[in-house]
Amino acid sequence: MGMRKSDWEIVFKEDFYKECGSPMLPIPVSMEDMLEVTQVNYLARDVIADNLLQMVKDFPERINTYHRLLVHCCLVAGGEAAHKGDHHRSNYYFLKAVDFAPGNFEVHKNLARSYQHLGLFYEAICHYQFVIDNQKNFHPSLWVYLLECMHAKGEVEEAKKLFDMLFEVMSDPKVNQKLVFGVLGVSILTQDNAPEELKNMFDRLFYDTM
């Protein structure tokens with residue numbers, strides 16, 4: 001990713017900084033980007049992220065001051081790139097975000113998903129597992145993505161064993177949780193064009209809630 005020399009510093013409206021809980025900080029912008037702003041009246045989040053990354057590269061002592069803003073902008077820029085189907089660019093921003101926030105679960109989830117889209121299943125599994133192992137709340141989508149990556153990596157039997165374990169953990173008092181997991185799982189796997197074998201594993205969740 002090419003970086004540009006920063007020529008200007010601008011401050012956005014307060015709402016912009018509220019998104020990530022950052023104080024109102026000046027953001028460096030290159031002359032090239034400023035000219036684009038005057039034409040379209042909009043500064044894309046990836047452009048903001050690029051300029052911030054360049055600034056902290058040039059002035060590493062500012063990293064702590066801009067930490068929240070930097071991580072947030074990289075997350076948003078990565079999400080926008082993923083939405084456009086540019087998963088290499090998305091992965092780039094999420095990798096930058098994890099460099100600055102190695103313990104941030106949201107960053108790891110997004111980075112894992114970007115690796116998954118790139119077919120780098122080992123890397124995706126590592127980051128999904130990091131969140132699952134360290135975050136106490138049960139997040140059904142993460143388990144679905146993890147199962148999907150294991151299956152795609154050829155660990156079919158291991159994926160089945162993991163699903164069996166999840167099925168047992170969701171005991172009778174958690175029938176609604178089973179149903180939610182089942183609906184979400186089928187939705188994700190359908191969207192990802194996952195193999196029927198993997199989708200069929202979720203049938204047990206529906207039968208068990210009837």
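Aromatic rings from Phe94 and Tyr115 are positioned such that their centres are separated by 6.0 Å or more.
Side-chain atoms of Tyr93 and Asp50 include a donor-acceptor pair closer than 3.5 Å. Using modelled atom types, one finds a donor on one side chain and an acceptor on the other under 3.5 Å when comparing Gln54 with Asp58.
Side-chain atoms of Asp192 do not come within 3.5 Å of backbone N or O of Ala194 as any donor-acceptor pair. Here the side chain of Asn134 pairs a donor or acceptor atom with the backbone of Phe130 at under 3.5 angstrom. Formation of a donor-acceptor pair under 3.5 Å by the His127 side chain with backbone atoms of Phe105 is not found in this model. Counting only distance, with no hydrogens or angles, the side chain of Thr190 and the backbone of Val186 share a donor-acceptor pair below 3.5 Å. A distance-only check finds no donor-acceptor pair linking the side chain of Arg62 to the backbone of Val56 [under 3.5 Å]. Using a distance-only test at 3.5 Å, with no hydrogens or angles considered, a donor-acceptor pair links the side chain of Asn200 to the main chain of Glu196. In this structure a side-chain-to-backbone donor-acceptor pair under 3.5 Å is present from Asn51 to Ser30.
By the 4.5 Å heavy-atom criterion applied to side chains, Val107 and Val71 are counted as neighbours. Side-chain contact check for Met55 versus Pro28: some heavy-atom pair is nearer than 4.5 Å. At least one side-chain heavy atom of Lys160 sits less than 4.5 Å from a side-chain heavy atom of Glu197. Contact check for Cys74 versus Leu53: side-chain heavy atoms found under the 4.5 Å cut-off. Gln177 places none of its side-chain heavy atoms less than 4.5 Å from the side chain of Val180.
Listed by first and then second residue, the ring pair (Phe, Tyr, Trp, His ring centres under 6.0 Å) pairs involving residues 62-85 amount to none (not counting sequence neighbours).
For the pair Lys109 and Tyr128, the NZ or CZ position fails the cation-pi test of under 6.0 Å to the six-membered ring centre and within 45 degrees of the ring normal.
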Quiz item: Given the rule in the salt bridge (Lys or Arg N to Asp or Glu O under 4.0 Å) test, do Glu155 and Lys161 qualify, once you have shown the distances and angles that lead to the verdict?
Solution: CA-CA 10 Å; Glu155 299 175 0; Lys161 289 177 182 176; over 6 Å; no
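In the hydrophobic cluster analysis, where Ile, Leu, Val, Met, Phe, Trp and Tyr join through side-chain heavy atoms closer than 4.5 angstrom, Phe16 is grouped together with Met24.
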Distance-only donor-acceptor hits, side chain of residues 143-150, under 3.5 Å, sequence neighbours excluded:
residue : atom : partner : partner atom : Å
Glu148  : OE1  : Gln116  : NE2          : 3.0

